[in-house]
Amino acid sequence: MGIPKAVDVEVVEEAPFRLRVPAQGDMRVDGVVFTSHELLPDPAEDGSLQQVVNVATLPGIVEASYAMPDVHWGYGFPIGGVAATDVERGGVVSPGGVGFDISCGVRLLTADLDRSELPIERVMDGLDRAVPRGAGSGAVWQLSGRAELERVLLGGSRYAVERGHGEDRDLERCEDGGVLAGADPGQVSARAVERGLEQVGSLGSGNHFLEVQAVDEVLDDVAAAAFGLAPGQVCVMIHTGSRGLGHQICTDHVRIMDRAMRAYGISVPDRQLACAPVESPEGRAYLGAMAAAANYGRANRQLLAEAASDVFERVTGQRLSLLYDVSHNLAKIEEHEIGGERRRLCVHRKGATRALPPGHPDLPPALRDAGQPVLIPGSMGTASYVLRGVVGGGAFHSTCHGAGRVQSRKQAARAITGGALRKRLEGQGIAVRGASARGLAEEAPEAYKDVDAVVAAAEGAGLCRAVARLVPLGVVKG
DNA sequence: ATGTTC
């Protein structure tokens, strides 16, 4: 990824948890980072602040190039970045603004059980057998060919439910009702299809996980009651995305846009920011393929949730109930007010979560008064959070997505062995299943920011409110 | 994140 540029940018702390980088040079808007100086990665080692500056040069960008408190270095755009472009005024879409794991996201399910009555080892043994994971193949579904895969790409979670994996109520609890409109399977390459055929209903590797958790602390009584969360309650959190299919789609369309940019007269300070106007053949092609990958990721989480629910039913007699499913890697066409006018924007959220405020019409009735649940997976062995959107938030109704890395995978693996980490987690009473030693070491908590501090910064910046803090009882890792 | 280097 190269060496970070010596960043010579002015950073003004204009409010608590709000740093501003005034526009200079080719920047069309300011940069705004919702964080403190303490949480901001060291510019000598991490290029994310320079990436916030680079994103501010994109054609059609409005308001600001935003970054969340968990910001760190990514491909082109920072992870934790939010950028919106005005579709009718030459605004671009950039695959790097979504990332390689298109529609990576989180689903949280609740069990009507207290942690004291959960036979955790038996549940974990069941999950160990039921959850396909790791870099290779193995999945809940085996698709017969392109025709069947296209039903997944068009139907997302709804298709999984139609096939008997879940119930209609689940779809109300999914962003966009479980299906992102505008999917165009014709823009998905043969290679992406090939990679996708054998991975629907699989966890993957890296920071993806399935955790059994318990509510440690309720921080907003009213919203927690609306979400069905109580102290001691058992939950299941699933963090995964669109696997090799989404990765291939990103690769394919970065290449297409890299070649097309010149024809549109677009120049960017970093090739990884390859982009095209939303209203161009290349822009539409990417958004159609991206929506297809989003639906694949949603079906993936739906299938894994059903597999986990089957395990809970066998072991405890109780099925799981879906609280919410939301992505943190997506570009969406949304309407927002800019300078007193409703504008159609392409909102890129990369390692950032949509956080709709109470009363928003896109929320289902059961969640409308409380606001959208925002699901924040912590690093392994640490807390996770449920947050909610707030009226008057910021960054086009967005907030953080997780703890955010501070060490590379290589650095983390050098610092601790997988065996030592497993022992430590088990010493903390956390059951670990099926993780490779290397994979475990790469995900060591010390490789991440403190999720409590990240959430405090997101709240302090006024982006969201904390509803509940969850702690892990057992983790299934790829 | 990723058939972890087309």
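Order of the sequence lines sets the chain letters (A, B, ...), proteins ahead of strands, with each chain counted from 1.
Atom C1' of nucleotide B:dT2 and atom CG of A:N329 are separated by 13 Å, given to the nearest angstrom. Here B:dC6 presents its P atom at 10 Å from CZ of A:R255, a figure rounded to the nearest Å.
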Would you list the protein and nucleotides 3-5 of chain B atom pairs, both N or O, that sit under 3.5 Å from each other?
| residue | atom | partner | partner atom | Å |
| --- | --- | --- | --- | --- |
| B:dG3 | OP1 | A:R195 | NH2 | 2.0 |
| B:dG3 | OP2 | A:Q199 | NE2 | 3.0 |
| B:dG3 | N2 | A:R195 | NH1 | 3.1 |
| B:dG3 | N2 | A:R195 | NH2 | 3.4 |

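For A:Y385 and A:D452, the side-chain atoms include at least one donor-acceptor pair closer than 3.5 Å. A donor-acceptor pair shorter than 3.5 Å cannot be found between the side chains of A:N329 and A:H401.
Cation-pi geometry between A:R163 and A:W141 is satisfied (NZ or CZ under 6.0 Å from the ring centre, within 45° of the ring normal).
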Would A:R173 and A:D325 count as a salt bridge (charged side-chain N to carboxylate O under 4.0 Å, His left out) if you check the C-alpha gap in whole Å, the side-chain angles of each, and the deciding distance to 0.1 Å?
CA-CA 6 Å; A:R173 296 305 188 108; A:D325 181 302; over 6 Å; no

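For residues 280-307 of chain A, the ring pair (Phe, Tyr, Trp, His ring centres under 6.0 Å) pairs, not counting sequence neighbours, are A:H253-A:Y286.
Note on A:G206: only backbone sugar-phosphate atoms sit closer than 4.0 angstrom, heavy atoms only; bases stay farther off.
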